[in-house]
Structure formats: structure tokens, C-alpha cells
Number of protein chains: 2
Amino acid sequence: MAEGPAPQGGSSLLFLTDEQLRKGIEAMFFAYRGFTSDPDRILEGREMGRAHHRAIHFIHRSPGTTVSNLMALLGVTKQSLNRVLRALIAEGLVEARVGRRDRRERHLYLTEAGAALERELSDAQRERMRAAYRMAGPVAVAGFRQVLEAMMDEESRRHYEALAGKGG
Amino acid sequence: MAEGPAPQGGSSLLFLTDEQLRKGIEAMFFAYRGFTSDPDRILEGREMGRAHHRAIHFIHRSPGTTVSNLMALLGVTKQSLNRVLRALIAEGLVEARVGRRDRRERHLYLTEAGAALERELSDAQRERMRAAYRMAGPVAVAGFRQVLEAMMDEESRRHYEALAGKGG
DNA sequence: CTTGGAATGTCAACAAGGCTGACGTATTGT
DNA sequence: ACAATACGTCAGCCTTGTTGACATTCCAAG
């Protein structure tokens, strides 16, 4: 599997060496730490964690989404999700309304307080992202997104694109 | 990904809109899932998880590193790390040698079996990364890395750069 | 030589957040 | 009427993180 000496030919494929790939892997690891650190900090002390943040984020993005939808989006079981939702509802951050067309479904919405927390969390996370984007510049940002999209599983990419259609 | 609407004034700052930042945030979330999925799959059934993968990765990268170094690199407590190391040593994947200069320190090395597992894990992870890199191309890859580096905490960046110096 | 502190290991207890399995209930569609 | 769906919940388990406390070993400074 190792690349051996540098490939040559028409287009330089030096960016595909094991060495370059390894740097990318380590960059992902360390960057993800930064990526999650600000929301984590905000949520600690509120007796909440990353799981709550994710639920809040996606309920904000898709108001009225159902429990099933959210399960698929987050890739967790209904039991895991239910624990988080129960806490969020108990805290008055999320509201679950019985579906009108199908009354088995629960449609999820952020309350005022929930929306406020969402803003606090995403402001922090966005601020870091904004600083990174600004430092790197628009061309780098385009590449950043391209590589991330190519790294996703099929199913994740479908979710990602469905969301992109909503607000972007 | 195209360009979006026409640029305006001097330098288009459209890539810094909340909308663009939000897409980047969601891309990170979904991409990270793909990023970890292959090693996770390999390790399940071996009674190991992501924490073991991380330890194996960094011991491979810095053979002879100490427990303290690894703690700082991984950002976990010695108790968490110790539990993982104990398992890895028990499985015969990692060897801890008493330091010669300072005999309080334990220097960590992969055994043959450990190196074999490391290869299996990183081959899988690298393969996904390679596919993503190839799809996106060298310019995108450069941008990808730039943005990730800009997203790291100071401390993470120091670790990242120290590692980069070792093999690249 | 003694002693302080650093590096490490380990025990106990706990929490978050995943998981599976099983069961119950309301509702819908056939 | 009945099967399937959407959801909630209880119970139990795992991994991986946390604190706190304590023992050991060793380096280095007084």
C-alpha cells in the first residue's frame, strides 16, 4: 500500500502520498477538537453535552422535524435520542407537538429559550469557523468543503445535501 | 459549490456569510462521521474502540513517546489513558519500556502485532482520505488543510506541527 | 542523606452518551 | 379487525471520559 518513491507523469500526484494523507488525518483529529470545544465549554455547567447541542442544532435547522427524522440525521437510536429530548423538553428548550396529519408523530420545535441557547452555541462555533475561513481565504474554503463532502458516507451526504437545500 | 452570486466591491466576502459558515459546520459534522467509521468498524469485535485507535496511531507516529506526552497529545487524563494502555499491553499490541535516562518514565512502542493492527487501521482510514483527495484535487486539498489548521486551538496546532516535523 | 516534587500506576466512584432487548400505547392504513 | 408504524420507556450493558486519593519510584536540590 505504501507509495514508494514519488509518482510522476503528467499531473503531480504528490498530494496523494501516504505522508500527505497522514497529515490530513491528523489535521482532522486536531481540528475537530477545536471545532467542538466552544460549544462544549458553554454547555458544561448546564448539565448538557455535545448530544444536546447536536439535537438543538438540527431542530433549529429543520423546525417541525420528527423524532424519526432526527434519529436518522444524528445516527443514534431512539433510546439515546429520547434521553436527550426528554432533558431538552424538561428544560423548556424544546417543544414536541403532536402531528396533525399523523398524530403518532411528534414535531419538534425550539422554544424561545431554546432558540436563545442555539444562538449562543452557534455564535461561538461560527466565530471560530469565521476566523478560520478568513485566515484561509475563499479558495481554501471551497477546497475545504470539497474534501469534506468527498469524505462523507453516502447517507451522510444525502442528509447534508437535504439540509443545504433548506437554507442555502 | 460554484461561485454563488456575483462578487461585489473589492474582495467578495460572501464566503464569510452565516450561511456559508453553517454549511462548513455541518460538513465537519458529517465528514467526521465518515472519517472515523472505517477504524470503528475494524475495532468493534476486538473489544476496542476509538480511544485505542488514537493511542495506537500516536505511538506509531512517535515510537518511544512517554505516557505524559501521549496524555498531552490526546488531551485526556492519565487514568483514561492508563485504562487504554493497560488493555493494549495486555493484548500484546504495545510494549512499555522503562526509561534509561529517567527510569520513572515509560516509553511506549508498538509490538509486531500492534504495528500490524496499526497498518490495518490506517490503511482503511487512508483509503477513504485518498479517495476524497483524488476526487477533490490538489488545490482543494491544500485549502482543506489550511482551514483545518486555522481551526485548531493553539495547543493542538503545536502538537500537530511537532508531528509534522517528524515524518514530513 | 534527606526530602520535595515529578512521573507513573491503580483503586474507587461517577457521568455522559452510545447500545440492545423488551414491552406498552396510540394511531394509521389495509 | 388487524398489522404495521411512531413513539416512549424501563432495564441493563459498554466505552470513554471525569475526580479524588494514595502508593511507588526516582531525580535533583539542599
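Not measured: the values here are computed from a predicted model. Just so it is clear: chains get the letters A, B, ... in the order the sequence lines come, proteins before strands, and each one is counted from 1.
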>> Distance check needed: C:dC14 P versus A:E44 CD, whole Å only.
In response: 21 Å
> What's the CG-P distance between A:D40 and D:dT16, to the nearest Å?
Replying inline: 18 Å
>> Please give me every residue in residues 75-87 of chain A whose heavy atoms get under 4.0 Å of an atom in DNA chain D, ordered by residue number.
In response: A:K78, A:Q79, A:N82, A:R86
>> If you only use heavy atoms from C-beta on, which nucleotide in D:dT25, C:dG18, D:dA6 is closest to the side chain of B:R104?
In response: D:dT25
> Between C:dT27 atom P and A:E105 atom CD, what is the distance in whole Å?
Replying inline: 13 Å
> Should the ring pair B:Y32 and A:Y32 be called parallel, tilted or perpendicular, given that the plane angle runs from 0 to 90° and is split at 30 and 60?
Replying inline: parallel
> With sequence neighbours excluded, what pairs up with B:R106 under the side-chain hydrogen bond (donor to acceptor under 3.5 Å, both in side chains) test?
Replying inline: none
> Are any of the side-chain nitrogens in A:R33 or B:E155 under 4.0 Å away from the carboxylate oxygens of its partner?
Replying inline: no
> Of the nucleotides D:dG8, C:dG9, C:dG17, which has the atom closest to the A:A51 side chain?
Replying inline: C:dG17
> For D:dA28, does either OP1 or OP2 sit under 4.0 Å from a side-chain N or O belonging to B:R101?
Replying inline: no
>> Distance check needed: C:dT27 P versus A:R100 CZ, whole Å only.
In response: 16 Å
> Is B:K23 salt-bridged to B:E26, cutoff N-O under 4.0 Å?
Replying inline: no
> Looking only at side-chain N and O atoms, does A:R106 come under 4.0 Å of OP1 or OP2 in C:dT25?
Replying inline: no
> Is the B:H57 ring parallel, tilted or perpendicular to the B:H53 ring (thresholds 30°, 60°)?
Replying inline: perpendicular
> Taking the inter-plane angle between the rings of A:Y133 and B:F15 on a 0 to 90° scale, is it parallel (under 30°), tilted (30 to 60°) or perpendicular (over 60°)?
Replying inline: parallel
> Looking across every strand, which nucleic acid part, if any, lies under 4.0 Å from A:H52 by heavy atom: base, sugar-phosphate, or nothing?
Replying inline: sugar-phosphate
> Are A:R97 and A:E95 close enough for a salt bridge, meaning some N to O gap below 4.0 Å?
Replying inline: yes
> Atom CE of A:M48 and atom P of C:dA16: how far apart are they, to the nearest Å?
Replying inline: 12 Å
>> Tell me the interatomic distance from B:L43, atom CG, to D:dT15, atom P, rounded to whole angstroms.
In response: 12 Å
>> From CG of A:D102 over to C1' of D:dA4, roughly how many Å is that when rounded to an integer?
In response: 12 Å
> What is the distance, rounded to the nearest whole Å, between atom CD1 of B:I56 and atom P of D:dT16?
Replying inline: 11 Å
